[in-house]
Amino acid sequence: TISPRGALIWRTFPHTSLRLTGGTSFRSPTFLESYLELEQPTAADGYYVIAAGDQNLLPERIATGEFGIHDESSRFHMADVAVYLNRVTRLIDLTELNPTVSSFDPVQEGFLAGTTGFANLPEIWTALGTEAELSLFPADGLELYGNLAWERVLADEGGEVIQDQATSAWKVNGGIHYRSPYHLNAAMDLSWASEESWRLRAYDDQGQLLIEQGDIPARLIVSGKLAVHLLPGDAMEAAVGVWNLGAFLGDPIREHPKGQEVGGRVYGSLGWRF
């Protein structure tokens, strides 16, 4: 599968540049999607379905374009703004059940209800978004940063355009990092994402595909790290960190509507560079 890419960068000023990038990429079908053939039980007693792969699947494709501006015109800041457009076609997903009338199978101890498998979906997915980033360096060893991202994803299903909300429309990150002259470093980072609404694929009583809605509320992840350099020259570092601090206060997050809750983590590390 041919996948060309290209970029054009124009340095308008000594420390300011414009960039225009474009390209395509692809994902080949997995072994499971191509060669799967399994008998799977159903919620109805005495009935099973066959899930089969398709060796004629085409690779998923994405075409993307981006325009951005990058500026480092002072030693106290770095800024970047980008606008992008992505177009995804031939997504691979499950097909509807093809009902089958069959006799009792003593090996499977049931009746074959039908077959399902994988296919390239006809929908065309379009994502439009923008990202802005700013880093400040007000003093030696001190860095403040923040970035903001907005994205809207649309799916064209045979002329009917729907908005997919399985990805947060807004994402905000920020933090403060300090590298002291006394072999002690500290960092705190925050990451916030707006609510999500997933269109989950499921089967009804007749075995046909249906769409169920699953919601995820907005979530905030707070993390921090404290590191000590044990040798001159910062060659050896001992650190302790915490991720998802809110989970320790009774506010775990969930990354999928049917996924398990993700708690907090405390970790330590010891590193030596040579």
Side-chain angles (χ1 to χ4, degrees), residues 1-6 21-38 40 42-43 49-67 82-100 113-131 149-171 193-219 254-259:
T1 301
I2 299 176
S3 183
R5 304 170 191 175
T21 62
T24 63
S25 186
F26 65 93
R27 184 186 74 87
S28 298
T30 65
F31 186 89
L32 183 72
E33 295 163 342
S34 298
Y35 298 99
L36 172 71
E37 187 170 349
L38 294 175
Q40 307 220 345
T42 68
V49 299
I50 291 181
D54 186 350
Q55 299 181 37
N56 297 316
L57 289 174
L58 299 174
E60 297 178 344
R61 296 300 304 264
I62 180 173
T64 181
E66 177 183 305
F67 174 75
V83 179
Y84 63 87
L85 178 67
N86 298 332
R87 185 176 184 269
V88 179
T89 57
R90 303 196 308 217
L91 275 178
I92 299 173
D93 209 335
L94 290 171
T95 64
E96 291 191 353
L97 186 73
N98 183 20
T100 302
T115 59
T116 184
F118 294 93
N120 293 106
L121 300 182
E123 292 90 347
I124 299 175
W125 300 78
T126 303
L128 173 65
T130 181
E131 299 175 353
W150 172 84
E151 184 180 61
R152 185 177 185 184
V153 181
L154 302 175
D156 186 345
E157 299 182 352
E160 180 184 0
V161 179
I162 62 173
Q163 182 177 351
D164 183 82
Q165 300 178 359
T167 300
S168 299
W170 293 96
K171 294 182 179 180
S194 62
E195 65 278 358
E196 299 175 2
S197 181
W198 291 56
R199 301 173 68 244
L200 303 175
R201 302 168 74 90
Y203 291 99
D204 60 17
D205 295 338
Q206 287 73 42
Q208 298 303 314
L209 278 177
L210 55 85
I211 301 299
E212 296 180 345
Q213 181 173 316
D215 297 329
I216 299 178
R219 55 197 183 276
R254 196 186 300 272
E255 298 180 341
H256 189 277
K258 295 186 177 182

Subject >> Interatomic distance, L121 atom CG to L94 atom CG [nearest 0.5 angstrom] >> reply: 9.0 Å

Original post:
Does D93 have any salt bridge (Lys or Arg N to Asp or Glu O under 4.0 Å) partners at least two apart in sequence or in another chain, and if so, which?
Top reply: R201

Original post:
Quick check: does any side chain N or O of T95 sit under 3.5 Å from a backbone N or O of A119, one acting as donor and the other as acceptor?
Top reply: no

Original post:
Roughly how far, to the nearest 0.5 Å, is the CD1 atom of I92 from the OG1 atom of T30?
Top reply: 7.0 Å

Subject >> Reported CG-to-OG1 distance for the pair L58 and T89, which is rounded to 0.5 angstrom >> reply: 9.5 Å

**OP:** State whether the side chain of S197 and the backbone N or O of Q165 hold a donor-acceptor pair below 3.5 Å, judged by distance alone.
**Re:** no

**OP:** Just jot down the ring pair (Phe, Tyr, Trp, His ring centres under 6.0 Å) partners of F67, sequence neighbours excluded, or say none.
**Re:** none

Original post:
Between N86, L154, V153, which is the residue that forms a side chain to side chain contact (heavy atoms under 4.5 Å, CB included) with W125?
Top reply: V153

Subject >> From CG (L85) to OG1 (T64), nearest 0.5 Å >> reply: 7.5 Å

**OP:** May I have all residue pairs that pass salt bridge (Lys or Arg N to Asp or Glu O under 4.0 Å) and include part of residues 28-38, sequence neighbours excluded?
**Re:** R27-E33

**OP:** Please name the pair of heavy atoms, one in A166 and one in D164, separated by the smallest distance, quoted to 0.1 Å.
**Re:** N-OD2, 3.2 Å

**OP:** Could you list the residues that satisfy salt bridge (Lys or Arg N to Asp or Glu O under 4.0 Å) with E131, not counting sequence neighbours?
**Re:** none

**OP:** Please list, chain by chain and in numerical order, all residues satisfying salt bridge (Lys or Arg N to Asp or Glu O under 4.0 Å) with R87, sequence neighbours excluded.
**Re:** none

**OP:** Considering non-hydrogen atoms only, spot the tightest contact between P29 and P59 and give its length.
**Re:** CD-CA, 4.1 Å

Subject >> Gap separating the CD1 atom of I50 from the OG1 atom of T115, nearest 0.5 angstrom >> reply: 7.0 Å

**OP:** Identify the two heavy atoms, one from R90 and one from N120, that lie closest to each other, and give their separation to 0.1 Å.
**Re:** O-ND2, 3.0 Å

Original post:
T167 and E151: which non-hydrogen atoms are nearest, and at how many Å?
Top reply: CG2-OE1, 3.5 Å

Original post:
For R219, what residues pass the salt bridge (Lys or Arg N to Asp or Glu O under 4.0 Å) criterion, not counting sequence neighbours?
Top reply: E196

Original post:
How many angstroms lie between CG in L200 and CD in E212, if you round to the nearest 0.5 Å?
Top reply: 7.0 Å

Subject >> From CA spacing to verdict: side-chain contact (heavy atoms from CB on, under 4.5 Å), R61, T24 >> reply: CA-CA 7 Å; R61 296 300 304 264; T24 63; 3.4 Å; yes

Subject >> Non-hydrogen atoms of W150 and L128 that approach each other most closely >> reply: CZ3-O, 3.7 Å

**OP:** Determine whether P257 and D215 make a side-chain contact, defined as any pair of heavy atoms from C-beta on separated by less than 4.5 Å.
**Re:** no

**OP:** Work out which heavy atom in E255 is nearest to a heavy atom in W198; give both atom names and the distance.
**Re:** O-CZ2, 3.8 Å

**OP:** Check whether any side-chain heavy atom of R5 sits under 4.5 Å from a side-chain heavy atom of S25, and report yes or no.
**Re:** yes

Original post:
Do the side chains of I124 and V88 get nearer than 4.5 Å, heavy atoms only?
Top reply: no

Subject >> Any donor-acceptor N/O pair, T130 side chain to A82 backbone, under 3.5 Å >> reply: yes

